[in-house]
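Notes follow the structure.
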Amino acid sequence: MLKLYYHNGSDNHGCEAIVRATAKLLGSDEIILYSRRPETEKKYNLDEIVTVYDDSEQQLPRYSVRNIVASMYRRIFHNNYLSTVFKHGNFFSELKKTDVCFSIGGDNYCYAGRDILGHYNTRIHRTGAKTVLWGCSFEPDDMTDAIAEDISHYDLITARESITYQLLKKYNENTILVPDPAFLLDTVELPLPKNFLKNNTVGINLSPLVIKCESQKGAALQNYLTLIQYILDHTEMNVALIPHVVAHNNDDRDALRELSQYFGENERIVFIQDCNCMELKGYIARCRFFVGARTHATIGAYSSCVPTLVVGYSVKAKGIATDLFGNDRNYVLPVQALKDSNDLLRAFQWMQDNENKIRTRLESIMPNYKRDIWKVLDSLKTL
């Protein structure tokens, strides 16, 4: 059985896109998704595609045997291994030797909780099952001896861009380069809202996460405002504000509302409402340009051959752009580099000037790029 774990819920539509595309690639009948927020899978009907099990964290009563044992283990070995196993018993209690378990968080090793991924990896192997680190990105500066040891034990690692591939190949020879499965995501086109001009609208995505990464407070918001004002004043294009993550305390709509409120009631600005990842891709695919902060929103644009400018903060943005275009210059603008209020505008104007060249490049390479994803099936057959 194929089991997908460390999925934090489909209100992050990038996570949803990975699951849907993985099901398309591997066959949905063979997949069980262990979700930490199973209610979101029902909200976006992901439970109609794969079997969904609850992997939300179970609290251990203070004086329970499990909590006492986990506390003793933590004091002796200085880690939370047993606590992780006990709190996610729904997943660990159902493991079988024949299972192949996919860690689908993508870049979770770049964030807090990376030790938990190690606990999962260790426990799964102790049952005799196989582990796959699926579609991952990894910041080179985040590598530690402990993580390197954990990385070495995966039975297969699929790195979604070449920077991560070159790094992780040093620690695990079973690492292969495979584009993010979300490039295979299907597109669903809902009716366009009024004033969304098909193929003449600029899609805009901004996230609280990228704002937190800015080196100069307020720089990201000011750069987006300058860009939108330019589009309204100097082009005939309209603007669509498109959220891609709507999770609690990490909701793109909060950042996009700030942009919307600045311009007030403006008939040339459209605010796209929340919907599933395929429908969001349908809106993105009908844009003329896309400027985005969320990785899987930009993947939706790239895979639809829409000229895309990424406001990035990590290795994944640079790596994907480099694999697509040969370098990331002009295609990725690190949010940390935003200083002047016109930085984003200048990058967008370069994209305008090179619109046809960029679109032609994407149209020429995307068929083979997507085809390369299917090659991972040969590696999975060996597990």
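- Of all heavy-atom pairs between Arg288 and Asn199, the closest is CB-O, 3.3 Å.
- Within the 4.5 Å cutoff, side-chain heavy atoms of Met143 are placed close to those of Leu167.
- Using a cutoff of 4.0 Å between basic side-chain nitrogens and carboxylate oxygens, Lys3 and Asp99 are scored as salt-bridged.
- Note on Lys316 versus Asp180: no salt bridge recorded, every NZ/NE/NH1/NH2 to OD/OE distance being 4.0 Å or above.
- A centroid separation of 6.0 Å or more is found between the aromatic rings of Phe102 and Tyr5.
- Checked against Asn45 for a side chain to side chain contact (heavy atoms under 4.5 Å, CB included), the options Glu41, Lys42, Glu48 give a single hit: Glu48.
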Legend entry - Residue pair His244, Asn12: steps toward the side-chain hydrogen bond (donor to acceptor under 3.5 Å, both in side chains) verdict: CA-CA 7 Å; His244 210 261; Asn12 181 326; 5.4 Å; no

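- Taking the ring centroids of Tyr6 and Trp134, they lie at or beyond the 6.0 Å cut-off.
- Side-chain N or O atoms of Glu139 include one that pairs as donor or acceptor with a backbone N or O of Val315 at under 3.5 Å.
- With salt bridges taken as basic N to acidic carboxylate O contacts below 4.0 Å, one links Asp372 and Lys375.
- Side-chain contact between Tyr154 and Asn174: absent, with no pair of heavy atoms (C-beta onward) separated by less than 4.5 Å.
- Nearest heavy-atom pair across Leu309 and Val332 is CD1-N, 4.5 Å.
- Under the 4.5 Å side-chain heavy-atom criterion for Ile, Leu, Val, Met, Phe, Trp and Tyr, Leu190 and Leu241 are members of distinct hydrophobic clusters.
- Residues Leu333 and Leu344 share a closest heavy-atom pair of CD2-CA, 3.7 Å.
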Inset, instruction - Evaluate the side-chain hydrogen bond (donor to acceptor under 3.5 Å, both in side chains) criterion for residues Lys339 and Ser215: first the C-alpha distance (whole Å), next the side-chain angles of each, then the deciding distance (0.1 Å), finally the verdict. - result: CA-CA 8 Å; Lys339 306 294 183 183; Ser215 58; 3.0 Å; yes

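- Residues Arg37 and Ser56 are not in side-chain contact: their nearest non-hydrogen atoms beyond the backbone lie 4.5 Å or more apart.
- Between Asn200 and Met237 the shortest heavy-atom distance is OD1-CG, 3.1 Å.
- Using a distance-only test at 3.5 Å, with no hydrogens or angles considered, no donor-acceptor pair links the side chain of Asp323 to the main chain of Ile320.
- Salt bridge status for Lys169 with Glu173: absent, with no side-chain N to carboxylate O gap under 4.0 Å.
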Inset, instruction - Apply side-chain hydrogen bond (donor to acceptor under 3.5 Å, both in side chains) to Asn121 and Thr131, showing your working. - result: CA-CA 7 Å; Asn121 196 16; Thr131 58; 2.9 Å; yes

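- Scanning all heavy atoms of the two residues, the minimum distance from Gly27 to Ile31 falls at O-CG1, 3.6 Å.
- Taking the six-membered ring for Trp and the full ring otherwise, the centers of Tyr369 and Tyr302 sit at least 6.0 Å from each other.
- Salt bridge present: Lys24 and Asp186 bring a charged side-chain N and a carboxylate O closer than 4.0 Å.
- A donor-acceptor pair is defined here as one N or O able to donate and one able to accept, closer than 3.5 Å; such a pair exists between the side chain of Glu161 and the backbone of Ile163.
- Residues Asp155 and Lys130 approach most closely at OD2-CA, 3.2 Å, considering heavy atoms.
- By the 4.0 Å N-to-carboxylate-O rule, Lys43 lies too far from Glu39 to be salt-bridged with it.
- A side-chain donor-acceptor contact under 3.5 Å links Arg268 to the backbone of Leu232.
- The aromatic rings of Phe91 and Tyr34 sit perpendicular to each other, their planes meeting at more than 60°, with 30° as the lower class boundary.
- Counting only heavy atoms from C-beta outward, the side chains of Ile358 and Tyr331 approach each other to under 4.5 Å.
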